[in-house]
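In what follows, every chain begins at residue 1, and chains take the letters A, B, ... in the order their sequences are listed.
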Amino acid sequence: MTPPANEPSTERSLNFIEQIVEEDISAGLHDGRVLTRFPPEPNGYLHLGHAKSICLNFGLAQRYGGLTNLRFDDTNPVTEDTEYVDSIKDDVRWLGFDWAQELYASDYFDQLYAFAEALIEKGLAYVDDSTAAEIAALKGSPTVPGQPSPFRDRSVAENLDLFRQMKAGAYPDGAKVLRAKIDMASPNMHFRDPIIYRIKHAHHHRTGDAWCIYPMYDFAHGQSDAIEQITHSICTLEFIPHRPLYDWFIEQLGIFPSKQYEFARLNLTYTVMSKRKLKRLVEGGHVTGWDDPRMPTLAGIRRRGYTPDSLREFCERIGVAKRDNLIDVGLLEFCIREELNRTTHRVMAVVDDQPIKLVLTNYPEGQEEIMHIENNPEDPDSGTREVPFGREVYVERDDFMEVPPKKYFRLAPGQMVRLKGAYIVRCDEVIKNGAGEVTELHCTYIPESKSGQDTSGINVKGTIHWVSVAHAVPAEVRLYDRLFAAENPAMEEKEMESDDDNAFLSLLNPNSLVVVKGMVEPNLAGRAVGERVQFMRKGYFTVDVDSTPNQLVFNRTVTLKDAWAKETKKS
RNA sequence: AGCUCGAUAGUAUAAGGGUAGUACAACAGAUUUUGGUUCUGUCUGUCUAGGUUCGAAUCCUGGUCGAGCUACCA
């Protein structure tokens, strides 16, 4: 296989893994074949960090005419479950990738077992009767060499016999383990006779009760790669110390020489990415579930309204390297805005628990007009929609100030604004209730200023959105913001030096979800779940699954950039 | 602590001995019936000390700082 004709290296610079692959291809390694794998453990939901890995693995294969396997790393039956298998497959497909084969490490249990016996026969593995505590005690520390286990020098025949009995179920959990016999003094702790098989009388989600011994990660992953003839096995930095072991097993077993390469995992500002912490958020009820739109899970981010394209673009932009990184969540937001600006239709929604009613005193009572408003100024082919207009419209409280500051271009006593797609109006009178709160604004509209046929000659600086009182459709609007108030929650938790596992919960953003009533234009009635729109001047929103035929629920995917908010923050 | 990995604008990421570039962010202006979009412009960077070299972000040595590993998890 050769790279695509349109030389990819000219579009952007290669990351270090692409460089390795290109070197391997031009060296003729494996006849230029590229086979990667994405190896999730089916014990949790995929998140943005996995998205980076998926885009890397599948993207690499696509780019170099190769393939990618989806392989579930299911060697620990007590934590894994089919429930996760299905969600993981959904997420990968949703991101836009197809795997060559759906495989499971458990497919290889027979083969892996045979590898273990082969190692025993070479005198490179032994059965150890020590307890976990005893093994740990003899392991030494990075500065102190380990001591050999009293069982280290059992004969091949005895080891083989014991191991077969382990497999046959002769021993309870923890009674014995199989260990590789390498070097108890190695500076690499993974070389101090690592455990490669342990006894677990547990039901496996695929193999059922066929096995009561299960291989450890180090004795399963590299071998699985080799069995599949994976050419480039890509994982995160914390596996670097495992690589010598990975290579050692492959060499001792004389199997296909897959190679492991490591990249730095994704960290995002204002969120956490560890499975453990995400699980805690769900189980502690701090979010509504794995698919809560504030979660960095693919399920959550999808429900939030993000698109697969925007995520792939994000993964492309963050790059791949070996240094630790903390990506500004603003880049993710940029990627989704960029796409949604191009693709979504504009609609008007007054998102406010207490909107202000605007009464056009000189507009004939009972009269209605249909305004034709363009769906998307970025897309000339997107057409127009019909929006009913009348004597009374709702506007947002934010769009009126009784005493406006300088450069406030919205409604204020005596000030004029354009109602988007309709008329210019002037605010004449402010009506308040007993509590002194503004309830209505009495305005006059300029009949000659109708949108598209404006002969009034009046120039206004501000345009605001509105919804006809007579036609407004009520909706629930969920305004989401970053889940954490701290830029780097994982790091701050570490700095707290608390032994409390839940310390990071104190960093949650109390305002990450604000539910507000909305009045939306009738156009929106009956929109399907997952549809995306821009609420003009507010942000991008998507119809949530919680919607019912009588009640639309919108999730805010992301706000629009807001130069005015920035301006007011300054002063 | 030992071993391993890493260090380029605020955040990421290029430059592989020869002009430090790109994106996001920030800032300023223009356009705008979204304070959106678009366009233009501006700002900020090679951790440190030596060495090799005509020339070092790049190669070498020491230091500093950061991260990972030290599970019968993956």
Please tabulate, one pair per line, each protein N/O and nucleotide N/O from nucleotides 68-71 of chain B that are separated by under 3.5 Å, including the distance.
unit_1: G68(B); atom_1: OP1; unit_2: Lys494(A); atom_2: NZ; d: 3.4
unit_1: C69(B); atom_1: O2'; unit_2: His190(A); atom_2: NE2; d: 2.9

Review point. Are Arg179(A) and C72(B) close enough that a side-chain N or O sits under 4.0 Å from OP1 or OP2?
Key: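 For C72(B), neither OP1 nor OP2 has a side-chain N or O of Arg179(A) closer than 4.0 Å.
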Review point. Looking at Arg410(A), does any N or O in its side chain come under 4.0 Å of the phosphate oxygens OP1/OP2 on G35(B)?
Key: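 Arg410(A) to G35(B) OP1/OP2: no side-chain N or O under 4.0 Å.
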Relative to the ring of [Y], is the ring of [X] parallel (under 30°), tilted (30 to 60°) or perpendicular (over 60°)?
| X | Y | answer |
| --- | --- | --- |
| Phe389(A) | Tyr423(A) | tilted |
| His242(A) | His190(A) | tilted |
| His50(A) | Phe38(A) | perpendicular |

Residues which pass side-chain contact (heavy atoms from CB on, under 4.5 Å) with [X], listed by chain and number, not counting sequence neighbours:
| X | result |
| --- | --- |
| Lys279(A) | Glu283(A), Trp290(A) |
| Lys538(A) | Val351(A), Glu396(A), His465(A), Phe535(A), Phe541(A) |
| Phe484(A) | Val272(A), Leu281(A), Pro489(A), Phe504(A), Leu507(A), Leu508(A) |

Review point. Which pair of non-hydrogen atoms, one from Met273(A) and one from Leu278(A), has the smallest distance, and what is that distance?
Key: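 For Met273(A) versus Leu278(A), the nearest heavy atoms are O-CD1, 4.1 Å.
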Who pairs with [X] by salt bridge (Lys or Arg N to Asp or Glu O under 4.0 Å), at least two apart in sequence or on another chain?
| X | value |
| --- | --- |
| Glu338(A) | Arg317(A) |
| Arg385(A) | Glu521(A) |
| Lys277(A) | Glu493(A) |
| Glu41(A) | none |

Review point. Got a donor-acceptor pair under 3.5 Å from the side chain of Glu378(A) to the base of U38(B)?
Key: no
Practice item. Report yes if a donor N or O on one partner sits less than 3.5 Å from an acceptor N or O on the other, where the partners are the side chain of Arg337(A) and the base of G36(B); otherwise report no. Key: no
Exercise for review: Under 4.0 Å between any heavy atoms, over every strand shown, what does Ile318(A) touch: base, sugar-phosphate, or nothing? Just pick one.
Suggested key: sugar-phosphate
Could you write out each protein N or O paired with an N or O of nucleotides 26-33 of chain B at a distance under 3.5 Å?
unit_1: A26(B); atom_1: OP1; unit_2: Lys566(A); atom_2: NZ; d: 2.6
unit_1: U33(B); atom_1: O2'; unit_2: Lys420(A); atom_2: NZ; d: 3.0
unit_1: U33(B); atom_1: O2; unit_2: Gly421(A); atom_2: N; d: 3.2
unit_1: U33(B); atom_1: N3; unit_2: Arg418(A); atom_2: NE; d: 3.3
unit_1: U33(B); atom_1: N3; unit_2: Arg418(A); atom_2: NH1; d: 3.4
unit_1: U33(B); atom_1: N3; unit_2: Ser451(A); atom_2: OG; d: 2.4
unit_1: U33(B); atom_1: O4; unit_2: Arg418(A); atom_2: NH1; d: 3.0
unit_1: U33(B); atom_1: O4; unit_2: Ser451(A); atom_2: N; d: 3.4
unit_1: U33(B); atom_1: O4; unit_2: Ser451(A); atom_2: OG; d: 2.6
unit_1: U33(B); atom_1: O4; unit_2: Gly452(A); atom_2: N; d: 3.1

Review point. For the side chain of Arg323(A), counting heavy atoms from C-beta on, which of U13(B), C5(B), G35(B) is nearest?
Key: U13(B)
Check your understanding: In terms of side-chain heavy atoms of Ala132(A), which of C72(B), G36(B), A14(B) is nearest?
Key ->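 Nearest nucleotide to the side chain: C72(B).
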Check your understanding: Which letters describe nucleotides 17-24 of chain B, given B = protein heavy atom under 4.0 Å from base, S = only from sugar-phosphate, - = neither?
Key -> ------SS
Sequence neighbours left out, cut at 3.5 Å: what donor-acceptor pairs do the side chains of residues 167-174 of chain A make with other protein atoms?
unit_1: Tyr171(A); atom_1: OH; unit_2: Gln165(A); atom_2: OE1; d: 3.3
unit_1: Asp173(A); atom_1: OD1; unit_2: His201(A); atom_2: N; d: 2.8

Check your understanding: What's the CG-C1' distance between Asp324(A) and A7(B), to the nearest Å?
Key -> 10 Å
Study note, to complete from the structure: Nearest-nucleotide check on RNA chain B, Asp129(A) vs Pro377(A); residue mapping nearer the 5' end is Pro377(A)
Review point. Want to know the stems of RNA chain B: at least 3 consecutive Watson-Crick or G-U pairs with distances under 3.5 Å, which are they?
Key: B:1-7 with B:64-70, B:10-13 with B:21-24, B:26-30 with B:38-42, B:47-51 with B:59-63
Check your understanding: Do we see Tyr217(A) stacking on the base of A74(B), given a limit of 5.5 Å between centres and 30° between planes?
Key -> no
